[in-house]
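Okay, structure first, notes after.
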Number of protein chains: 2
Amino acid sequence: MAETRRTFTRDDPESRRADLVAAVLDLTAEAGPQGVTVRAIAERAGVTQGLIRHYFATKEALIDAAYTAHMAAQTEAARAAAGPEADPPLDRLRRFIAASLTPPVSDSRTISLWAGFIHLIRRDPAMLATHERSYLAFRDQLQALIVRALAERDRLPGADEARRLAIACNAVLDGLWFEAGALPDAFAPGEIVAIGSGAIGTILALPLANEKER
Amino acid sequence: MAETRRTFTRDDPESRRADLVAAVLDLTAEAGPQGVTVRAIAERAGVTQGLIRHYFATKEALIDAAYTAHMAAQTEAARAAAGPEADPPLDRLRRFIAASLTPPVSDSRTISLWAGFIHLIRRDPAMLATHERSYLAFRDQLQALIVRALAERDRLPGADEARRLAIACNAVLDGLWFEAGALPDAFAPGEIVAIGSGAIGTILALPLANEKER
DNA sequence: CCAGATATTATGCATCCGTATAATTTCTGG
DNA sequence: CCAGAAATTATACGGATGCATAATATCTGG
(Lines give C-alpha, C1' and ligand atoms only; values in the text may rest on other atoms or scores of the structure.)
Protein backbone atom coordinates (compact mmCIF):
# COMPACT_ATOMS: atom_id res chain seq x y z
CA MET A 1 0.00 0.00 0.00
CA ALA A 2 2.87 2.31 -0.73
CA GLU A 3 1.50 5.72 -1.63
CA THR A 4 2.39 6.48 -5.22
CA ARG A 5 4.45 9.58 -5.69
CA ARG A 6 2.55 12.44 -7.26
CA THR A 7 3.17 12.88 -10.99
CA PHE A 8 4.10 16.28 -12.34
CA THR A 9 5.23 18.10 -15.47
CA ARG A 10 8.04 20.59 -15.58
CA ASP A 11 7.05 24.15 -16.27
CA ASP A 12 8.71 27.29 -17.50
CA PRO A 13 10.35 29.01 -14.50
CA GLU A 14 8.71 32.33 -15.37
CA SER A 15 5.33 30.67 -15.45
CA ARG A 16 5.87 28.92 -12.12
CA ARG A 17 6.93 32.14 -10.48
CA ALA A 18 3.84 33.82 -11.87
CA ASP A 19 1.64 31.03 -10.51
CA LEU A 20 3.15 31.35 -7.06
CA VAL A 21 2.80 35.14 -7.15
CA ALA A 22 -0.83 34.83 -8.24
CA ALA A 23 -1.50 32.38 -5.43
CA VAL A 24 -0.08 34.82 -2.88
CA LEU A 25 -2.22 37.67 -4.22
CA ASP A 26 -5.38 35.55 -4.24
CA LEU A 27 -4.83 34.34 -0.70
CA THR A 28 -3.93 37.79 0.59
CA ALA A 29 -7.08 39.24 -0.95
CA GLU A 30 -9.28 36.45 0.35
CA ALA A 31 -8.02 35.90 3.86
CA GLY A 32 -5.37 38.46 4.65
CA PRO A 33 -1.84 37.77 5.86
CA GLN A 34 -3.03 35.01 8.17
CA GLY A 35 -4.18 32.96 5.22
CA VAL A 36 -0.90 33.23 3.37
CA THR A 37 1.00 30.14 4.52
CA VAL A 38 3.47 28.22 2.42
CA ARG A 39 1.17 25.23 2.43
CA ALA A 40 -1.83 27.27 1.28
CA ILE A 41 0.28 28.96 -1.41
CA ALA A 42 1.50 25.62 -2.70
CA GLU A 43 -1.97 24.13 -2.79
CA ARG A 44 -3.41 27.15 -4.59
CA ALA A 45 -0.61 27.08 -7.15
CA GLY A 46 -1.00 23.34 -7.65
CA VAL A 47 2.45 22.36 -6.41
CA THR A 48 3.97 21.07 -3.19
CA GLN A 49 5.48 23.39 -0.66
CA GLY A 50 9.07 22.39 -1.28
CA LEU A 51 8.91 23.99 -4.72
CA ILE A 52 8.40 27.42 -3.26
CA ARG A 53 11.83 27.32 -1.76
CA HIS A 54 13.25 26.28 -5.10
CA TYR A 55 12.11 29.56 -6.62
CA PHE A 56 12.26 31.90 -3.65
CA ALA A 57 14.77 31.87 -0.81
CA THR A 58 12.13 32.65 1.81
CA LYS A 59 8.41 33.21 2.01
CA GLU A 60 9.14 36.90 2.55
CA ALA A 61 10.97 37.08 -0.79
CA LEU A 62 7.95 35.59 -2.52
CA ILE A 63 5.63 38.06 -0.88
CA ASP A 64 7.90 40.93 -1.91
CA ALA A 65 7.73 39.68 -5.48
CA ALA A 66 3.94 39.41 -5.30
CA TYR A 67 3.56 42.95 -3.99
CA THR A 68 5.88 44.35 -6.63
CA ALA A 69 3.98 42.52 -9.38
CA HIS A 70 0.65 43.80 -8.07
CA MET A 71 1.79 47.41 -7.90
CA ALA A 72 3.32 47.20 -11.37
CA ALA A 73 0.02 45.94 -12.75
CA GLN A 74 -1.91 48.72 -11.03
CA THR A 75 0.47 51.39 -12.29
CA GLU A 76 0.23 50.03 -15.80
CA ALA A 77 -3.56 49.92 -15.62
CA ALA A 78 -3.63 53.58 -14.56
CA ARG A 79 -1.24 54.51 -17.35
CA ALA A 80 -3.41 52.82 -19.96
CA ALA A 81 -6.67 54.18 -18.56
CA ALA A 82 -6.39 57.69 -19.94
CA GLY A 83 -6.12 56.49 -23.53
CA PRO A 84 -4.09 57.90 -26.45
CA GLU A 85 -1.96 60.96 -25.75
CA ALA A 86 -3.43 62.66 -28.77
CA ASP A 87 -7.00 62.65 -27.41
CA PRO A 88 -8.56 65.78 -25.91
CA PRO A 89 -7.23 66.33 -22.33
CA LEU A 90 -10.71 66.56 -20.86
CA ASP A 91 -11.70 63.19 -22.32
CA ARG A 92 -8.50 61.65 -21.02
CA LEU A 93 -9.15 62.99 -17.53
CA ARG A 94 -12.73 61.69 -17.66
CA ARG A 95 -11.57 58.22 -18.66
CA PHE A 96 -8.86 58.21 -16.01
CA ILE A 97 -11.42 59.04 -13.31
CA ALA A 98 -13.88 56.41 -14.52
CA ALA A 99 -11.20 53.73 -14.72
CA SER A 100 -9.90 54.60 -11.26
CA LEU A 101 -13.36 54.09 -9.79
CA THR A 102 -14.32 50.82 -11.46
CA PRO A 103 -12.86 47.30 -11.50
CA PRO A 104 -10.21 46.10 -11.82
CA VAL A 105 -8.60 49.19 -10.26
CA SER A 106 -11.35 49.80 -7.74
CA ASP A 107 -12.97 46.76 -6.20
CA SER A 108 -12.96 44.84 -2.96
CA ARG A 109 -9.97 42.81 -4.09
CA THR A 110 -7.63 45.78 -4.37
CA ILE A 111 -8.84 47.04 -0.99
CA SER A 112 -8.11 43.68 0.59
CA LEU A 113 -4.70 43.57 -1.00
CA TRP A 114 -3.87 47.03 0.22
CA ALA A 115 -4.92 46.14 3.74
CA GLY A 116 -3.09 42.85 3.63
CA PHE A 117 0.18 44.41 2.58
CA ILE A 118 0.25 47.64 4.57
CA HIS A 119 1.85 46.15 7.66
CA LEU A 120 4.58 44.53 5.64
CA ILE A 121 5.13 47.83 3.85
CA ARG A 122 5.70 49.55 7.16
CA ARG A 123 8.33 47.03 8.18
CA ASP A 124 10.18 46.39 4.94
CA PRO A 125 12.09 49.38 3.46
CA ALA A 126 12.11 47.83 -0.02
CA MET A 127 8.35 47.41 0.00
CA LEU A 128 7.94 50.92 1.38
CA ALA A 129 9.97 52.30 -1.51
CA THR A 130 7.83 50.40 -4.02
CA HIS A 131 4.72 51.67 -2.28
CA GLU A 132 5.74 55.33 -2.35
CA ARG A 133 6.95 55.15 -5.92
CA SER A 134 3.67 53.67 -7.13
CA TYR A 135 1.56 56.12 -5.17
CA LEU A 136 3.44 59.14 -6.44
CA ALA A 137 3.45 57.81 -10.01
CA PHE A 138 -0.33 57.61 -9.87
CA ARG A 139 -0.71 61.10 -8.43
CA ASP A 140 1.81 62.62 -10.82
CA GLN A 141 -0.12 61.17 -13.71
CA LEU A 142 -3.35 62.62 -12.36
CA GLN A 143 -1.65 65.98 -11.87
CA ALA A 144 -0.38 65.97 -15.46
CA LEU A 145 -3.86 65.25 -16.77
CA ILE A 146 -5.32 68.02 -14.65
CA VAL A 147 -2.73 70.56 -15.74
CA ARG A 148 -3.32 69.79 -19.42
CA ALA A 149 -7.08 69.94 -19.09
CA LEU A 150 -6.78 73.32 -17.40
CA ALA A 151 -4.19 74.58 -19.87
CA GLU A 152 -6.59 73.83 -22.69
CA ARG A 153 -8.83 76.52 -21.20
CA ASP A 154 -5.92 78.88 -20.67
CA ARG A 155 -5.74 78.28 -16.94
CA LEU A 156 -2.17 77.81 -15.77
CA PRO A 157 -1.88 76.97 -12.07
CA GLY A 158 1.49 77.31 -10.34
CA ALA A 159 3.34 74.27 -9.08
CA ASP A 160 1.96 74.58 -5.54
CA GLU A 161 -1.61 75.01 -6.72
CA ALA A 162 -1.27 72.11 -9.15
CA ARG A 163 0.00 69.90 -6.33
CA ARG A 164 -2.89 70.90 -4.08
CA LEU A 165 -5.44 70.17 -6.76
CA ALA A 166 -3.89 66.80 -7.53
CA ILE A 167 -3.86 65.82 -3.86
CA ALA A 168 -7.48 66.86 -3.42
CA CYS A 169 -8.67 65.05 -6.56
CA ASN A 170 -6.63 62.01 -5.64
CA ALA A 171 -8.26 62.07 -2.22
CA VAL A 172 -11.68 61.96 -3.87
CA LEU A 173 -10.59 58.96 -5.92
CA ASP A 174 -9.00 57.20 -2.96
CA GLY A 175 -11.95 57.93 -0.72
CA LEU A 176 -14.50 56.63 -3.21
CA TRP A 177 -12.32 53.60 -3.91
CA PHE A 178 -12.32 53.01 -0.21
CA GLU A 179 -16.05 53.45 0.24
CA ALA A 180 -17.02 51.33 -2.74
CA GLY A 181 -14.69 48.59 -1.60
CA ALA A 182 -15.74 48.75 2.01
CA LEU A 183 -19.47 48.85 1.32
CA PRO A 184 -19.88 47.20 -2.09
CA ASP A 185 -23.67 47.04 -1.90
CA ALA A 186 -24.28 50.57 -0.68
CA PHE A 187 -24.05 52.27 -4.06
CA ALA A 188 -26.00 51.99 -7.30
CA PRO A 189 -24.09 51.08 -10.47
CA GLY A 190 -22.43 54.14 -11.89
CA GLU A 191 -23.18 56.17 -8.79
CA ILE A 192 -19.58 56.21 -7.63
CA VAL A 193 -18.26 57.37 -10.99
CA ALA A 194 -20.97 60.04 -11.19
CA ILE A 195 -20.16 61.37 -7.73
CA GLY A 196 -16.44 61.28 -8.37
CA SER A 197 -16.70 63.08 -11.70
CA GLY A 198 -19.02 65.64 -10.17
CA ALA A 199 -16.83 66.35 -7.16
CA ILE A 200 -13.60 66.55 -9.16
CA GLY A 201 -15.31 68.66 -11.80
CA THR A 202 -16.39 71.08 -9.09
CA ILE A 203 -12.94 71.19 -7.48
CA LEU A 204 -11.31 71.91 -10.84
CA ALA A 205 -14.18 73.99 -12.25
CA LEU A 206 -14.20 71.76 -15.32
CA PRO A 207 -17.23 70.19 -17.05
CA LEU A 208 -16.46 66.60 -16.13
CA ALA A 209 -19.85 65.29 -15.08
CA ASN A 210 -21.34 62.89 -17.58
CA GLU A 211 -24.85 64.08 -18.26
CA LYS A 212 -26.09 60.61 -19.10
CA GLU A 213 -25.34 59.39 -15.62
CA ARG A 214 -27.16 62.02 -13.62
CA MET B 1 16.17 26.48 42.77
CA ALA B 2 12.44 26.22 42.47
CA GLU B 3 11.17 29.15 40.42
CA THR B 4 9.00 31.31 42.60
CA ARG B 5 5.47 31.74 41.35
CA ARG B 6 4.74 35.18 39.99
CA THR B 7 2.94 37.46 42.44
CA PHE B 8 -0.18 39.30 41.33
CA THR B 9 -3.02 41.47 42.54
CA ARG B 10 -6.63 40.93 41.69
CA ASP B 11 -8.18 43.55 39.50
CA ASP B 12 -11.63 44.77 38.65
CA PRO B 13 -13.01 42.57 35.85
CA GLU B 14 -13.98 45.63 33.80
CA SER B 15 -10.48 46.98 34.09
CA ARG B 16 -8.90 43.67 33.12
CA ARG B 17 -11.10 43.38 30.09
CA ALA B 18 -10.17 46.92 29.11
CA ASP B 19 -6.47 46.10 29.49
CA LEU B 20 -6.80 43.06 27.26
CA VAL B 21 -8.78 45.03 24.69
CA ALA B 22 -6.17 47.80 24.71
CA ALA B 23 -3.41 45.25 24.24
CA VAL B 24 -5.17 43.81 21.20
CA LEU B 25 -5.61 47.25 19.65
CA ASP B 26 -2.00 48.22 20.28
CA LEU B 27 -0.68 45.01 18.79
CA THR B 28 -3.01 45.15 15.80
CA ALA B 29 -1.92 48.71 15.08
CA GLU B 30 1.76 47.93 15.49
CA ALA B 31 2.15 44.61 13.74
CA GLY B 32 -1.15 43.63 12.16
CA PRO B 33 -3.04 40.40 12.71
CA GLN B 34 0.17 38.37 12.63
CA GLY B 35 1.40 40.08 15.77
CA VAL B 36 -1.78 39.44 17.73
CA THR B 37 -1.03 36.16 19.50
CA VAL B 38 -2.42 35.19 22.88
CA ARG B 39 1.08 35.27 24.32
CA ALA B 40 1.81 38.73 22.95
CA ILE B 41 -1.56 40.01 24.19
CA ALA B 42 -0.90 38.64 27.67
CA GLU B 43 2.57 40.12 27.84
CA ARG B 44 1.33 43.53 26.67
CA ALA B 45 -1.47 43.49 29.21
CA GLY B 46 0.87 42.41 31.99
CA VAL B 47 -0.78 39.07 32.69
CA THR B 48 -0.23 35.45 31.71
CA GLN B 49 -1.99 33.89 28.80
CA GLY B 50 -4.28 31.67 30.81
CA LEU B 51 -6.10 34.74 32.07
CA ILE B 52 -7.33 35.62 28.62
CA ARG B 53 -9.39 32.49 28.52
CA HIS B 54 -10.82 33.36 31.92
CA TYR B 55 -12.36 36.52 30.48
CA PHE B 56 -12.98 35.54 26.87
CA ALA B 57 -14.02 32.14 25.56
CA THR B 58 -11.72 32.39 22.55
CA LYS B 59 -9.19 34.74 21.06
CA GLU B 60 -11.75 35.59 18.40
CA ALA B 61 -14.22 36.79 21.06
CA LEU B 62 -11.57 39.08 22.50
CA ILE B 63 -10.79 40.50 19.08
CA ASP B 64 -14.50 41.10 18.45
CA ALA B 65 -14.68 43.02 21.71
CA ALA B 66 -11.61 45.05 20.79
CA TYR B 67 -13.03 45.99 17.41
CA THR B 68 -16.36 47.00 18.89
CA ALA B 69 -14.63 49.14 21.53
CA HIS B 70 -12.48 50.84 18.91
CA MET B 71 -15.41 51.68 16.65
CA ALA B 72 -17.42 53.00 19.59
CA ALA B 73 -14.56 55.30 20.53
CA GLN B 74 -14.23 56.55 16.95
CA THR B 75 -17.94 57.21 16.65
CA GLU B 76 -17.94 59.10 19.94
CA ALA B 77 -14.91 61.15 18.87
CA ALA B 78 -16.70 62.14 15.67
CA ARG B 79 -19.82 63.06 17.62
CA ALA B 80 -17.86 65.31 19.96
CA ALA B 81 -15.78 66.88 17.21
CA ALA B 82 -18.37 69.30 15.88
CA GLY B 83 -18.85 70.98 19.26
CA PRO B 84 -21.99 72.42 20.83
CA GLU B 85 -25.21 72.12 18.87
CA ALA B 86 -25.87 75.80 19.42
CA ASP B 87 -22.76 76.96 17.56
CA PRO B 88 -22.98 78.33 14.01
CA PRO B 89 -23.36 75.43 11.53
CA LEU B 90 -20.43 76.56 9.43
CA ASP B 91 -18.11 76.54 12.45
CA ARG B 92 -19.32 73.10 13.42
CA LEU B 93 -18.66 71.77 9.93
CA ARG B 94 -15.19 73.33 9.94
CA ARG B 95 -14.35 71.72 13.26
CA PHE B 96 -15.70 68.36 12.15
CA ILE B 97 -13.50 68.43 9.06
CA ALA B 98 -10.41 69.47 11.01
CA ALA B 99 -10.98 66.80 13.64
CA SER B 100 -11.54 64.13 11.00
CA LEU B 101 -8.21 64.91 9.40
CA THR B 102 -6.01 65.10 12.50
CA PRO B 103 -5.10 62.69 15.30
CA PRO B 104 -6.54 60.81 17.03
CA VAL B 105 -9.15 60.23 14.30
CA SER B 106 -6.73 60.42 11.40
CA ASP B 107 -3.30 58.96 11.93
CA SER B 108 -1.31 55.90 11.01
CA ARG B 109 -2.72 54.02 13.99
CA THR B 110 -6.32 54.18 12.79
CA ILE B 111 -5.20 53.13 9.31
CA SER B 112 -3.34 50.17 10.72
CA LEU B 113 -6.32 49.18 12.82
CA TRP B 114 -8.64 49.39 9.88
CA ALA B 115 -6.30 47.29 7.76
CA GLY B 116 -5.79 44.80 10.54
CA PHE B 117 -9.50 44.27 11.07
CA ILE B 118 -10.88 44.41 7.54
CA HIS B 119 -10.40 40.73 6.80
CA LEU B 120 -12.11 39.71 9.99
CA ILE B 121 -14.95 42.09 9.16
CA ARG B 122 -15.46 40.33 5.85
CA ARG B 123 -15.74 36.96 7.53
CA ASP B 124 -17.73 37.76 10.67
CA PRO B 125 -21.32 39.02 10.13
CA ALA B 126 -21.43 40.63 13.58
CA MET B 127 -18.28 42.61 12.88
CA LEU B 128 -19.59 43.54 9.46
CA ALA B 129 -22.75 44.94 11.03
CA THR B 130 -20.71 46.99 13.51
CA HIS B 131 -18.59 48.25 10.65
CA GLU B 132 -21.50 49.38 8.48
CA ARG B 133 -23.32 50.96 11.38
CA SER B 134 -20.29 53.03 12.37
CA TYR B 135 -19.56 54.06 8.82
CA LEU B 136 -23.10 55.21 8.14
CA ALA B 137 -23.31 56.99 11.49
CA PHE B 138 -20.27 59.02 10.54
CA ARG B 139 -21.61 59.88 7.12
CA ASP B 140 -25.08 60.71 8.41
CA GLN B 141 -23.54 63.10 10.87
CA LEU B 142 -21.52 64.76 8.13
CA GLN B 143 -24.64 64.99 5.98
CA ALA B 144 -26.59 66.66 8.80
CA LEU B 145 -23.83 69.23 9.30
CA ILE B 146 -23.73 69.94 5.57
CA VAL B 147 -27.50 70.35 5.31
CA ARG B 148 -27.59 72.79 8.21
CA ALA B 149 -24.68 74.83 6.90
CA LEU B 150 -26.41 75.09 3.53
CA ALA B 151 -29.78 75.85 5.09
CA GLU B 152 -28.24 78.79 6.92
CA ARG B 153 -27.69 80.32 3.49
CA ASP B 154 -31.15 79.38 2.29
CA ARG B 155 -29.95 76.49 0.18
CA LEU B 156 -32.14 73.42 0.60
CA PRO B 157 -30.87 70.39 -1.34
CA GLY B 158 -33.20 67.44 -1.88
CA ALA B 159 -32.53 64.10 -0.22
CA ASP B 160 -30.71 62.69 -3.25
CA GLU B 161 -28.54 65.75 -3.64
CA ALA B 162 -27.76 65.83 0.09
CA ARG B 163 -26.71 62.19 -0.07
CA ARG B 164 -24.48 62.82 -3.06
CA LEU B 165 -22.82 65.76 -1.38
CA ALA B 166 -22.25 63.80 1.81
CA ILE B 167 -20.71 60.89 -0.05
CA ALA B 168 -18.42 63.18 -2.01
CA CYS B 169 -17.30 65.13 1.08
CA ASN B 170 -16.88 61.92 3.00
CA ALA B 171 -14.74 60.60 0.16
CA VAL B 172 -12.47 63.62 0.49
CA LEU B 173 -12.12 62.96 4.21
CA ASP B 174 -11.54 59.24 3.75
CA GLY B 175 -9.12 59.78 0.92
CA LEU B 176 -7.03 62.29 2.85
CA TRP B 177 -7.17 60.05 5.93
CA PHE B 178 -5.81 57.35 3.70
CA GLU B 179 -3.07 59.40 2.15
CA ALA B 180 -1.92 60.97 5.38
CA GLY B 181 -1.84 57.59 7.07
CA ALA B 182 -0.14 55.81 4.22
CA LEU B 183 2.49 58.48 3.62
CA PRO B 184 2.84 60.26 6.96
CA ASP B 185 5.90 62.25 5.93
CA ALA B 186 4.67 63.40 2.55
CA PHE B 187 2.62 66.34 3.82
CA ALA B 188 3.44 69.51 5.71
CA PRO B 189 1.66 70.12 9.05
CA GLY B 190 -1.77 71.54 8.43
CA GLU B 191 -1.54 70.87 4.72
CA ILE B 192 -4.04 68.01 4.84
CA VAL B 193 -6.61 70.07 6.74
CA ALA B 194 -6.12 73.01 4.38
CA ILE B 195 -6.59 70.84 1.30
CA GLY B 196 -9.58 69.07 2.80
CA SER B 197 -11.32 72.28 3.83
CA GLY B 198 -10.59 73.80 0.45
CA ALA B 199 -11.90 70.85 -1.53
CA ILE B 200 -15.03 70.41 0.57
CA GLY B 201 -15.66 74.15 0.55
CA THR B 202 -15.50 74.09 -3.25
CA ILE B 203 -17.79 71.06 -3.53
CA LEU B 204 -20.37 72.70 -1.25
CA ALA B 205 -19.74 76.27 -2.41
CA LEU B 206 -19.25 77.31 1.20
CA PRO B 207 -16.44 79.48 2.66
CA LEU B 208 -14.72 76.74 4.64
CA ALA B 209 -11.07 77.38 3.88
CA ASN B 210 -9.20 78.80 6.83
CA GLU B 211 -7.33 81.85 5.55
CA LYS B 212 -4.62 81.52 8.16
CA GLU B 213 -3.56 78.17 6.78
CA ARG B 214 -3.16 79.05 3.17
C1' DC C 1 -8.55 35.54 61.28
C1' DC C 2 -9.98 31.93 58.70
C1' DA C 3 -12.37 29.41 55.13
C1' DG C 4 -14.47 29.45 50.86
C1' DA C 5 -14.61 31.58 46.25
C1' DT C 6 -12.30 32.77 42.33
C1' DA C 7 -8.84 35.42 39.94
C1' DT C 8 -4.46 34.33 38.34
C1' DT C 9 -0.46 31.53 37.24
C1' DA C 10 1.79 27.38 35.47
C1' DT C 11 2.09 23.52 32.60
C1' DG C 12 0.88 20.43 28.94
C1' DC C 13 -0.88 19.13 24.28
C1' DA C 14 -2.13 18.76 19.48
C1' DT C 15 -1.62 21.39 15.47
C1' DC C 16 0.33 24.46 12.25
C1' DC C 17 4.15 27.27 10.75
C1' DG C 18 8.60 28.16 7.92
C1' DT C 19 12.65 26.06 6.63
C1' DA C 20 15.98 22.40 5.59
C1' DT C 21 17.32 18.29 3.20
C1' DA C 22 16.92 13.97 0.86
C1' DA C 23 14.68 11.17 -2.67
C1' DT C 24 12.66 10.83 -7.23
C1' DT C 25 10.78 12.07 -11.52
C1' DT C 26 10.97 14.65 -15.78
C1' DC C 27 13.22 16.65 -19.49
C1' DT C 28 17.01 17.66 -22.83
C1' DG C 29 21.44 17.22 -25.59
C1' DG C 30 24.19 14.37 -27.89
C1' DC D 1 17.94 6.19 -26.13
C1' DC D 2 20.47 7.26 -22.43
C1' DA D 3 22.99 9.96 -19.06
C1' DG D 4 23.26 14.05 -16.66
C1' DA D 5 20.89 18.21 -14.99
C1' DA D 6 17.47 20.13 -12.44
C1' DA D 7 12.57 20.62 -11.44
C1' DT D 8 9.52 18.63 -8.29
C1' DT D 9 7.97 15.75 -4.50
C1' DA D 10 8.44 13.85 0.13
C1' DT D 11 9.75 13.93 4.78
C1' DA D 12 11.59 15.76 8.92
C1' DC D 13 12.51 19.24 12.55
C1' DG D 14 12.39 22.96 15.88
C1' DG D 15 9.56 26.48 17.25
C1' DA D 16 5.16 29.03 17.70
C1' DT D 17 0.26 28.99 18.24
C1' DG D 18 -4.51 28.45 20.45
C1' DC D 19 -6.72 25.93 23.78
C1' DA D 20 -7.34 22.92 27.89
C1' DT D 21 -6.49 21.76 32.60
C1' DA D 22 -4.28 21.65 37.03
C1' DA D 23 -2.14 24.20 40.78
C1' DT D 24 -1.94 28.25 43.71
C1' DA D 25 -2.24 32.87 45.39
C1' DT D 26 -5.35 36.67 46.54
C1' DC D 27 -9.37 38.59 48.26
C1' DT D 28 -13.81 38.83 50.91
C1' DG D 29 -17.62 37.73 54.23
C1' DG D 30 -18.55 36.18 58.45
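So that the names make sense, note that chain A is the first sequence line, chain B the second, and so on, each numbered from 1. Just so it is clear, the structure is predicted and the values come from calculations on it, not from any experiment.
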message: Base, sugar-phosphate or nothing for B:Phe56? Non-hydrogen atoms, less than 4.0 Å.
response: nothing

query: Counting any heavy atom closer than 4.0 Å, what does A:Thr48 reach on the DNA or RNA strands: base, sugar-phosphate only, or nothing?
result: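 Base, at least one base atom sits under 4.0 Å.
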
query: Tell me, which pairs form a salt bridge (Lys or Arg N to Asp or Glu O under 4.0 Å) where one or both residues lie in residues 62-77 of chain B, sequence neighbours left out?
result: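 Every pair satisfying salt bridge (Lys or Arg N to Asp or Glu O under 4.0 Å) with a residue in residues 62-77 of chain B: B:Glu76-B:Arg79.
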
message: One pair to check against ring pair (Phe, Tyr, Trp, His ring centres under 6.0 Å): B:Phe96 and B:Phe138. What are the steps and the verdict?
response: CA-CA 11 Å; B:Phe96 187 85; B:Phe138 184 90; 5.2 Å; yes

Specify the separation, in whole Å, of atom [atom1] of [X] and atom [atom2] of [N].
X	N	atom1	atom2	answer
B:Glu43	C:dA10	CD	P	14 Å
B:Glu14	C:dA7	CD	P	12 Å
A:Ile52	C:dG18	CD1	C1'	10 Å
A:Ile41	C:dG18	CD1	C1'	10 Å
A:Leu51	C:dA22	CG	P	18 Å
B:Gln49	C:dG12	CD	P	13 Å
B:His54	C:dA10	NE2	P	16 Å

Tabulated below should be each protein N or O lying under 3.5 Å from an N or O of nucleotides 13-15 of chain C; please produce it.
none

query: Name the one of B:Asp26, B:Val24, B:Leu51 that satisfies side chain to side chain contact (heavy atoms under 4.5 Å, CB included) with B:Ile41?
result: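 Per the side chain to side chain contact (heavy atoms under 4.5 Å, CB included) rule, the option paired with B:Ile41 is B:Val24, out of B:Asp26, B:Val24, B:Leu51.
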
- prompt: Quick one: on DNA chain D, does A:Phe8 or B:Thr58 contact a more 5' nucleotide (nearest heavy atom)?
  reply: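 Result of the comparison: A:Phe8.
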
statement: Comparing nearest nucleotides in DNA chain D, the 5'-proximal residue of the pair B:Arg10, B:Gly50 is B:Gly50

query: Taking OP1 and OP2 of C:dA20, is either one under 4.0 Å from a side-chain nitrogen or oxygen of A:Arg53?
result: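 True: A:Arg53 side-chain N/O within range (under 4.0 Å) of C:dA20 OP1/OP2.
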
task: Using only side-chain N and O atoms of A:Arg6, determine if any of them is under 4.0 Å from OP1 or OP2 of C:dT25.
output: no

Side chains of [X] and [Y], donor plus acceptor under 3.5 Å:
X	Y	answer
B:Arg122	A:Ser108	no
A:Arg133	A:Thr75	no
A:Ser100	A:Trp177	no

- line: Nt span of DNA chain D in reach of chain A heavy atoms at under 4.0 Å, 5' end first, is D:dA5 to D:dA10

message: Please give me the minimum heavy-atom distance between A:Ile195 and B:Arg164, naming the atom from each residue.
response: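 The answer is CG1-CG, 3.9 Å.
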
- request: Report the relative orientation of the aromatic rings in A:Trp114 and B:Trp114; use parallel for angles under 30°, tilted for 30 to 60°, perpendicular for over 60°.
  value: tilted

Pair A:Arg163 + A:Asp160: basic N to acidic O under 4.0 Å: no

